[in-house]
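Since the structure comes first, as structure tokens, the remarks are kept for the end.
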Amino acid sequence: MKIQELRSKLADASKEDVECIAAEIYKLLPKAKKESDADPLIESLLSHDEIKQMKSKDKEVDFDSLKAEVEEFLNNVDQGYYYEPNRIVPKSKRSKWRFEVKNYVKRLDAVPMNETYSAEAARLMRDLYLRLCRGCGYYIFSSEDPFRAIGITQTDFYERVVRRSFALGVDDDTIKKALMDATSVFLDRETLHAFLEFVLVSILPTSDSRYKTIGVAMSMIEEMEKELKKENKYSNHRYYLQSNIRNLCDTILGIGIWLGEPDDAIKYYWMHDEEKDKEVTLYRLLQTIDFFEGGSELWRKTYENAVKVRKVKPRSSLYERYAKLDES
């Protein structure tokens, strides 16, 4: 009889029958076997201590092993070993990097958010996300679209990172990292910064955390504006800073809309958007309102204020849309 057959029969047996079967089988064992193997096993199974210790040990070993694997992978990625010829990562393994990442994500997802390893799991998940983002701008993998290669969208991966990070507490440092990971990363072909910003705004758990995020974003913009003053007019870093400031302004506006307090966020947008052409600023502003608010009243109000007060001349597509709103 196979073990599975025995389990099946015992599952249908009464408690008395199981006790009788166990006793009869025990009688069949030689005395030496009873003392050396059977008795200790029975005692440990009845106390459950050995099982608990084994599970605890396995859990610890599993995470330590996972952490070591992920950190080795990240180091190899940083060294260029998954793209350039080398003796560290074999050629056959370089093309299979996506399977490694999918496995790491699956195992990190399985780590409970309230356990001893949750902080380390959150860090490793974020580190993987950042490498994949970098892979959208530079060749570091044998793929031009890392997120598509692993079968997880950039937006979904970002959401995993933020949820796991915020589960540990929403402090200034965590918020700053979440803002950076939404506004200053390279994007794949299917993602906009607005998608990531929306995820962040929607996941923030309370109004207080949203106000705090506005404050952190404003502090980041202030620091970037100081850096801008030191940059050459045509430097790549200047372009990078300006782009980040615009994206942070979008996020602040999104939070303002979410809170039902968009007016101050719109004023801030006009003051700090780095676009010289105010018509382009208006276009971006209205796009962000569309994305986060989806209605027409705030859009109309913002358009009219730009035209009447700021003397902006909107492009034809904006004018035509406003005309249709005015007719309705």
Side-chain angles (χ1 to χ4, degrees), residues 62-111 113 117 120-166 176-200 202-203 236-237 239-244 246-248 250-251 291:
D62 283 345
F63 187 80
D64 288 344
S65 175
L66 172 60
K67 178 182 175 182
E69 288 179 44
V70 174
E71 289 184 336
E72 181 181 10
F73 172 81
L74 294 170
N75 180 65
N76 287 337
V77 171
D78 292 343
Q79 297 298 323
Y81 295 155
Y82 277 88
Y83 181 68
E84 299 174 353
N86 65 91
R87 296 181 179 180
I88 306 300
V89 178
K91 185 176 181 180
S92 59
K93 189 178 178 181
R94 288 174 224 157
S95 61
K96 298 177 181 177
W97 67 269
R98 62 188 183 278
F99 299 114
E100 291 185 70
V101 174
K102 289 171 73 173
N103 178 45
Y104 297 148
V105 171
K106 181 179 179 180
R107 291 160 68 187
L108 287 170
D109 271 340
V111 177
M113 293 188 186
Y117 307 113
E120 281 294 278
R123 179 184 67 81
L124 294 172
M125 187 75 85
R126 179 174 184 258
D127 286 345
L128 286 170
Y129 170 78
L130 291 176
R131 297 317 190 281
L132 295 174
C133 289
R134 183 169 179 78
C136 294
Y138 297 96
Y139 285 108
I140 59 174
F141 299 112
S142 57
S143 171
E144 296 180 358
D145 197 341
F147 289 100
R148 178 182 284 273
I150 66 169
I152 304 173
T153 68
Q154 187 169 6
T155 304
D156 287 345
F157 206 124
Y158 174 73
E159 182 172 348
R160 294 176 193 225
V161 172
V162 175
R163 288 193 184 281
R164 186 164 283 278
S165 298
F166 282 1
K176 184 175 181 179
K177 288 176 180 176
L179 283 166
M180 291 171 59
D181 296 349
T183 62
S184 64
V185 294
F186 290 111
L187 302 174
D188 66 15
R189 299 169 186 172
E190 301 173 354
T191 306
L192 300 174
H193 283 112
F195 297 170
L196 307 178
E197 294 156 12
F198 186 87
V199 167
L200 171 59
S202 62
I203 288 178
N236 289 332
H237 190 55
Y239 172 82
Y240 170 82
L241 289 170
Q242 289 175 328
S243 177
N244 286 357
R246 292 188 190 105
N247 292 331
L248 286 167
D250 288 340
T251 307
F291 189 82

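Predicted model, so just to flag it, every value in this text is computed and none were measured.
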Item to check | Cationic tip of R134 above Y138 ring, under 6.0 Å, 45° of axis | outcome: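 Yes - R134 lies over the ring of Y138, closer than 6.0 Å to its centre and within 45° of its axis.
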Item to check | Spacing of CZ belonging to R246 relative to NE2 belonging to H193, to within rounding of 0.5 Å | outcome: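 Answer for the CZ-NE2 pair, R246 versus H193, is 12.0 Å.
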Item to check | Pairing of K67 and E72 as salt bridge, 4.0 angstrom limit | outcome: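 Looking at E72 together with K67, the answer is no, because their closest N to O distance does not fall below 4.0 Å.
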Checklist entry - Should D62 and R107 count as an ion pair when the cut-off is N to O under 4.0 Å? => result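 A salt bridge is absent here (no side-chain N lies under 4.0 Å from a carboxylate O).
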Within a strict 4.5 Å, meaning less than it, do heavy atoms of the [X] and [Y] side chains meet?
X    : Y    : answer
L124 : E71  : yes
S65  : E69  : yes
F166 : L200 : yes
V185 : L196 : yes

Checklist entry - Ring centroid separation for F141 and Y83, is it under 6.0 angstrom? => result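 No, the ring centres sit 6.0 Å or more apart.
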Checklist entry - Looking at R94, E100, K96, which hits side-chain hydrogen bond (donor to acceptor under 3.5 Å, both in side chains) with Y82? => result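 Exactly one pass, corresponding to E100.
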Checklist entry - So which pairs with a foot in residues 149-165 pass side chain to side chain donor-acceptor pair (under 3.5 Å), sequence neighbours left out? => result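 Residue pairs passing side chain to side chain donor-acceptor pair (under 3.5 Å), neighbours aside: D109-R160, T153-D156, E159-R163.
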Item to check | With F73, the ring pair (Phe, Tyr, Trp, His ring centres under 6.0 Å) member among Y81, W97, Y104 | outcome: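 When Y81, W97, Y104 are each tested with F73, the ring pair (Phe, Tyr, Trp, His ring centres under 6.0 Å) holds only for Y104.
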Item to check | Within 6.0 Å of CZ in R148, more than 12 heavy atoms from elsewhere | outcome: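 No.
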